[in-house]
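Have a look at the structure below, then the notes.
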Amino acid sequence: MTASVLAVVGARPNFVKAAPVIEPLERTDGITVRLLHTGQHYDRALSDGFIERLGMRYPDANIGVGSGTHAEQTAAVMTGVEADLLEHPADLTLVAGDVNSTMGAALAATKVGVAVAHIESGLRSRDWGMPEEVNRVVTDRVSDLCLCTSPDAVENLAAEGISGDAVQLVGNTMIDSLFRILDGVDRDAVLASQDVDRRAFVLVTLHRPGLVDEPERLGAVIEVLGELGAELPVIFPAHPRTTRRLTGAGIAVPGGLRIVDPMDYAEFIALEAEARLVITDSGGLQEETTVLGVPCLTYRTTTERPITVEQGTNELIGVDPGALREAARRALATDPPAEAPQIPLWDGKSGPRAAAAIEAFLAP
Ligand code: UD1
């Protein structure tokens with residue numbers, strides 16, 4: 001067999017999900033991989049820092065789409081991926097997750113007749129107001145190979161008429177990255193660098209537009225985080241969007257709340273593993289905290305990752321600052337789980353399983 005794969009990455013969460021699949025794929029006889037960066041994320045902390053930390057090779061090309069409205073960003077990804085596929089024909093385009101780059105690349109590929117494989121297929125929040133939900137549904141609809149992290153994702157796809165060999169339950173490739181990088185990081189050094197003790201601090205990430213683009217809502221959450229910060233350190237590595245909104249709205253940051261720049265991946269997951277509590281609106285953190293056995297409060301009304309609530313450490317608390325205060329107090333008064341929950345196939349070996357599924361798909 002000789003087959004070529006175009007792997008498209010573009011935003012921070014793509015790198016951690018795609019790297020564990022690209023690596024074994026590149027080692028597979030008869031398969032060549034071209035790596036294309038869309039440029040959706042361009043700050044070093046959100047892009048090249050991740051590529052280097054994960055030991056990925058540098059992309060063969062970068063479309064440089066940058067920031068913009070959803071339509072601008074998606075259109076630029078589509079145009080760039082289409083041009084790349086016309087110049088470098090591929091048998092399959094590999095995309096990951098639910099960002100605009102994922103959907104743009106999948107749409108462009110399918111329209112030039114190139115098959116699409118989707119890592120982290122089938123997740124559904126059923127909240128059509130989330131751009132990620134639109135990206136998930138559209139990407140899955142045009143995907144020829146749906147690589148799923150959990151059985152609920154397989155069921156969601158079946159309910160939409162997508163089943164059979166096109167759907168493969170391979171596990172969570174992002175957890176491969178987590179285990180690998182966590183293995184090599186000096187956690188004590190990271191704790192010392194942040195001047196915090198094991199299980200004696202709260203780690204926060206909040207960046208969804210629905211929250212941070214509304215000064216009143218953002219201000220109310222910052223106030224609650226400040227109250228928490230008076231009791232124990234609260235570390236909040238902020239996405240550039242969040243930082244800009246805080247400054248723009250003139251929101252004062254209370255003393256105990258430490259808002260810092262986005263972190264290096266290894267440093268971040270070391271803190272995540274050692275935190276007493278995580279507060280987030282991110283998808284990935286809900287899964288990572290489950291595997292790490294760290295209590296997680298998700299500041300959203302829906303989750304596309306119900307397995308983290310049903311079998312993991314995640315609690316969906318809604319978007320009321322008062323509910324956040326209560327839930328955080330309750331969580332801090334309860335012992336964290338003695339052992340991390342075990343989710344089937346979230347075992348650090350999902351990347352090779354995904355690569356094997358792709359190889360089987362490409363085999364004549
Ligand atoms: C994107 C994903 C989101 C994911 C997040 C992870 C979509 C629709 N959303 O959101 O699902 O959780 O990445 O980080 O794709 N910006 C910078 N530097 C950068 C990139 C962006 O400052 O390197 C700023 C720009 O002002 C930009 C804003 O952040 O307008 C938003 O960036 P964008 O890529 O549109 O979405 P994210 O919020 O990063």
Side-chain angles (χ1 to χ4, degrees), residues 8-18 37-54 59 62-78 80-81 95-108 118-120 123-125 127-139 174 177 204-214 218 236-249 259-265 268-269 272 278-289 296 298-300 302-305:
V8 182
V9 289
R12 178 167 61 179
N14 289 161
F15 306 117
V16 285
K17 292 166 191 171
H37 194 318
T38 67
Q40 175 174 346
H41 283 175
Y42 42 86
D43 280 5
R44 190 176 157 74
L46 305 188
S47 175
D48 288 7
F50 271 72
I51 291 176
E52 286 160 20
R53 178 60 77 181
L54 289 162
N62 189 319
I63 307 172
V65 305
S67 304
T69 66
H70 285 273
E72 285 165 351
Q73 208 169 44
T74 308
V77 171
M78 287 185 72
V81 170
V95 297
D98 56 15
V99 302
N100 287 343
S101 294
T102 311
M103 181 186 70
L107 272 177
H118 182 204
I119 302 167
E120 197 189 81
L123 299 186
R124 298 289 182 266
S125 68
D127 175 356
W128 207 238
M130 279 178 82
E132 292 83 359
E133 182 72 355
V134 177
N135 293 343
R136 290 182 201 113
V137 171
V138 173
T139 303
M174 185 185 65
S177 291
V204 177
T205 77
L206 297 167
H207 71 279
R208 294 210 173 269
L211 171 65
V212 303
D213 291 355
E214 289 280 337
L218 182 59
F236 183 171
H239 185 289
R241 168 202 283 279
T242 311
T243 314
R244 256 200 309 277
R245 295 294 186 259
L246 280 171
T247 316
I259 299 198
V260 297
D261 288 337
M263 280 184 190
D264 168 72
Y265 177 56
F268 184 81
I269 56 178
E272 195 181 348
V278 166
I279 298 171
T280 191
D281 60 1
S282 144
L285 263 79
Q286 298 172 47
E287 297 180 339
E288 290 170 352
T289 46
C296 176
T298 296
Y299 198 68
R300 281 173 46 186
T302 58
T303 179
E304 61 288 336
R305 289 154 162 99

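Side chains included, hydrogens not; waters and symmetry mates left out as well; all remaining heavy atoms used. Both ligands and their constituent atoms are indexed starting at 1 by order of listing. Residue numbers start at 1 and run along the sequence shown.
Ligand 1 has Pro13 within reach: a non-hydrogen atom of the residue lies less than 4.0 Å from it.
Counting only heavy atoms from C-beta outward, the side chains of Leu46 and His239 approach each other to under 4.5 Å. Put simply, the side chain of Val77 does not reach to within 4.5 Å of the side chain of Asn100, judged on heavy atoms. Contact annotation: the side chain of Asp43 never approaches that of Pro262 to less than 4.5 Å [non-hydrogen atoms, C-beta and beyond]. The shortest distance between side-chain heavy atoms of Thr280 and Leu206 does not fall below 4.5 Å.
Among protein heavy atoms, the minimum distance from atom 16 (N) of ligand 1 is reached at Tyr42 OH, 3.5 Å. Protein heavy atom at the shortest distance from atom 22 (O) of ligand 1 is Pro240 CB, 3.3 Å. Nearest to atom 8 (C) of ligand 1 among the protein's heavy atoms is Asn100 OD1, 3.3 Å. Atom 14 (O) of ligand 1 has His41 CE1, 3.2 Å as its closest protein atom, hydrogens excluded (heavy atom only). Val99 CG1, 3.5 Å is the protein heavy atom nearest to atom 2 (C) of ligand 1. Counting protein heavy atoms only, atom 4 (C) of ligand 1 is closest to His207 NE2, 3.8 Å.
A salt bridge does not link Arg300 to Asp281: none of the charged side-chain nitrogens sits closer than 4.0 Å to a carboxylate oxygen.
A salt bridge (Lys or Arg N to Asp or Glu O under 4.0 Å) check over residues 63-72, counting only residues at least two apart or in different chains, returns nothing.
Considering backbone and side-chain atoms together, Asn135 places no N or O closer than 3.5 Å to any N or O of ligand 1. At least one N or O atom of His239 sits closer than 3.5 Å to an N or O atom of ligand 1.
For ligand 1 and Ser67, the ligand atoms under 4.0 Å from any heavy atom of the residue are 21 (C), 25 (C), 27 (C), 30 (O). Counting the atoms of ligand 1 from 1 in the order shown, those under 4.0 Å from a heavy atom of Arg244 are 22 (O), 24 (C), 25 (C), 26 (O), 29 (O).
If you check each of Gln73, Glu132, His70 against atom 33 (P) of ligand 1, the one with the closest non-hydrogen atom is Gln73. Considering only non-hydrogen atoms, atom 38 (O) of ligand 1 lies nearest to Arg241 out of Arg241, Arg208, Met130.
Heavy atoms of Gln40 found under 4.0 angstrom from ligand 1 belong to the backbone as well as the side chain. Residue contacts with ligand 1, taken as heavy atom pairs separated by less than 4.0 Å, involve Leu46 solely via side-chain atoms from C-beta onward. The side chain of Arg12, and not its backbone, has at least one atom closer than 4.0 Å to an atom of ligand 1 (non-hydrogen atoms only; side chain from C-beta on).
No donor-acceptor pair closer than 3.5 Å links the side chain of Gln40 to the backbone N or O of Gly10. Side-chain atoms of Thr102 come within 3.5 Å of backbone N or O of Ala96 as a donor-acceptor pair.
For His37 and Phe15, the distance between ring centers is under 6.0 angstrom.
The closest side-chain donor-acceptor pair between Gln286 and Thr303 falls under 3.5 angstrom.
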